[in-house]
Amino acid sequence: MKVSIIGTGYVGIVSGACLAEKGCDIICVDVDADKVDKINKGISPIYENNLQELIQKNVVNGRMRATTNIVHSIHGSDVSIIAVGTPFDGQRINLEQIRHAAEDIGKSLREKEEYHVVIVKSTVVPGTTDEFILPILEKNSGKSAGSDFGLGMNPEFLREGRAVFDFMNPDRIVIGGMDKRTTDRVAELYCAFKGVEIMITNNRTAEMIKYASNCLLATLISFSNEIANICSLTPGIDVKEVMEGVHLDKRFNPILHSGERANPEFLSYLQAGCGFGGSCFPKDIKAIISYAKSKGEVPKLLESVIEINDTQPYRLIQLIQNHFKTLDGIVVAVLGLAFKPGTDDLRESPAIAIINSLVSKVAYIKAYDPIAKENAKRILGTDKIEFPDSMADAVQNADVIIIITKWDEFEELINYVKYMEHQPLIIDGRRMLNKGDFKDYLGIGLYPYLSKAI
Ligand code: UGA
């Protein structure tokens, strides 16, 4: 099938490369000529595991190319995927990029005789496809939805860092559409994905499934954090043990025939920490809250999910403040800056709130992340923060070591700390260390015990 993809951001480029790999003929369209140039040279415009190899292979074998010319790409394809950004502007999602894409596609459809299907992949609140995008397409094309072109909604469920894997190994394919002709064509796009459950529905439901999925995962995280904060009020309770007990419920963690536990990945969202970040959860939850409110419904649970998440990073600051009279001049090693391991992305990372707060309290900060250093320098500035190249350099002479991102290498922290003359205070924001290994250890969901008060 011939596919044009409008927007070569994270979703567009991953979808393009993966569909090319599955045998589709892909034309990526972007207004940014530099990006287009890069793709045509087989270079990925973003970093994502295995993406570079996939783009290079499919550009060389002729199944993938890029252009700034939307008219040619619409005329030369059977379906178009809208994969432009929908940033949250503080009040609601901003639909400007969607508007431009829909206008351009509509104008291009004006001269096209054959039936065409437009698929919305960008995350948009319910009703956007039918009530916002459809009229723009009809107005700009002079054609009728249903008879001249079809309009569908096909959300993505890709995790940053594992997007190529997730696209190639989907757990579900959700296809919304205005009619059967549309959903049949979208389903054809995925015919090479054998054995995957395909759910056919209407556009509004498809839009809502995306939000409901992200809201549930974010709710699990805030739930775990709230339980952690209650656990920390009572000596002898550790949230790690509590959640371990919760995870043994066979409804969450089924016992297999072999007698072993299934240990679904879902359980990793039921762990206490210093909060979620990234380009999706915070934005999507705020967007659906604002959508609900615009319809007269106050979604109290989701508002609390955001509130808990916004305050969670400051719990770590509180732990330090309870320990030291003043933070002025205290050397703090911050381990982990990315919003999650496996990425160099700092967007909405709890590290930003924590470091800004420490800077305002005049602590001396040494911030380390295995791969997010350059992004961190750009976002946090280099005036008041040192960015050492290794964990060993970061923890040297530290009074406090604070863990923010669950990178595997931080599990080795004890091997760096045990030889230090002056034992630092460990603040474990991800509860990834063995608390008994350290002299002074504090963590989320743990009553603040110390071997010695300072
Ligand atoms: C998330 C969803 O997981 C994807 O299904 C969805 O497609 C994507 O948003 C999106 O809307 O585009 P992503 O933002 O890449 O993907 O991140 P996750 O890996 O889910 O992590 C989000 C947050 O949850 C992070 O802050 C992370 O620290 C936290 N998390 C993640 C956990 O607490 N536990 C985990 O096991 C994984």
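Both counts, for ligands and for their atoms, begin at 1 and track the order of listing.
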Distance-minimising heavy-atom pair for [X] and [Y]:
{"X": "Tyr447", "Y": "Thr234", "result": "CB-O, 3.5 Å"}
{"X": "Val298", "Y": "Lys293", "result": "CG1-CE, 4.3 Å"}
{"X": "Asn309", "Y": "Phe276", "result": "OD1-N, 2.7 Å"}

Next on the checklist: Just checking Glu386: does its CD atom have more than 12 heavy atoms from other residues, nucleotides or ligands closer to it than 6.0 angstrom?
Outcome noted: yes
Checklist entry - Taking atom 14 (O) of ligand 1 as the point of reference, which of Cys280, Ser268, Pro155, Ala218 owns the nearest heavy atom? => result Cys280
Can you report which non-hydrogen protein atom sits closest to [atom], along with the distance?
{"atom": "atom 31 (C) of ligand 1", "result": "Tyr269 CE2, 3.6 Å"}
{"atom": "atom 15 (O) of ligand 1", "result": "Glu160 N, 2.6 Å"}
{"atom": "atom 28 (O) of ligand 1", "result": "Phe339 O, 3.4 Å"}
{"atom": "atom 17 (O) of ligand 1", "result": "Lys340 NZ, 3.3 Å"}
{"atom": "atom 22 (C) of ligand 1", "result": "Phe281 CE2, 3.5 Å"}
{"atom": "atom 33 (O) of ligand 1", "result": "Ile221 CD1, 3.6 Å"}

Geometry only, no angles: is [X] polar-contacting ligand 1 at N/O separations under 3.5 Å?
{"X": "Gly277", "answer": "yes"}
{"X": "Ser279", "answer": "no"}
{"X": "Arg159", "answer": "no"}
{"X": "Tyr10", "answer": "no"}

Checklist entry - Taking the six-membered ring of Phe193 as reference, does the NZ or CZ atom of Lys22 fall below 6.0 Å from its centre and within a 45° cone about the axis? => result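 Ring-cation test returns yes.
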Checklist entry - Is Arg172 positioned over the aromatic face of Phe157, cation under 6.0 angstrom from the ring centre and no more than 45 degrees off axis? => result yes
With heavy atoms under 4.0 Å as the rule, classify the contact between [X] and ligand 1 as side chain, backbone, both or neither.
{"X": "Thr123", "result": "neither"}
{"X": "Val11", "result": "neither"}
{"X": "Glu156", "result": "both"}

Using modelled atom types and a 3.5 Å cut-off, is there a donor and acceptor pairing between side-chain atoms of [X] and backbone atoms of [Y]?
{"X": "Arg261", "Y": "Asn253", "value": "yes"}
{"X": "Thr205", "Y": "Thr201", "value": "no"}
{"X": "Asp37", "Y": "Ala33", "value": "no"}

Checklist entry - Which word best sums up how the rings of Phe167 and Tyr190 line up, parallel for under 30°, tilted for 30 to 60°, or perpendicular for over 60°? => result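 Rings of Phe167 and Tyr190: tilted, as their planes differ by 30° to 60°.
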Checklist entry - If you measure from each heavy atom of Gln271 to ligand 1, is any distance below 4.0 Å? => result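 Per 4.0 Å heavy-atom rule, Gln271 does not contact ligand 1.
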Next on the checklist: Show the atoms of ligand 1 that are less than 4.0 angstrom away from any heavy atom in Asp284.
Outcome noted: 11 (O)
Next on the checklist: Suppose I only count heavy atoms of Leu158 and a 4.0 Å limit; which atoms of ligand 1 are within that range?
Outcome noted: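 Reading through ligand 1 atom by atom, the close ones are 4 (C), 6 (C), 7 (O), 8 (C), 10 (C), 12 (O), 16 (O).
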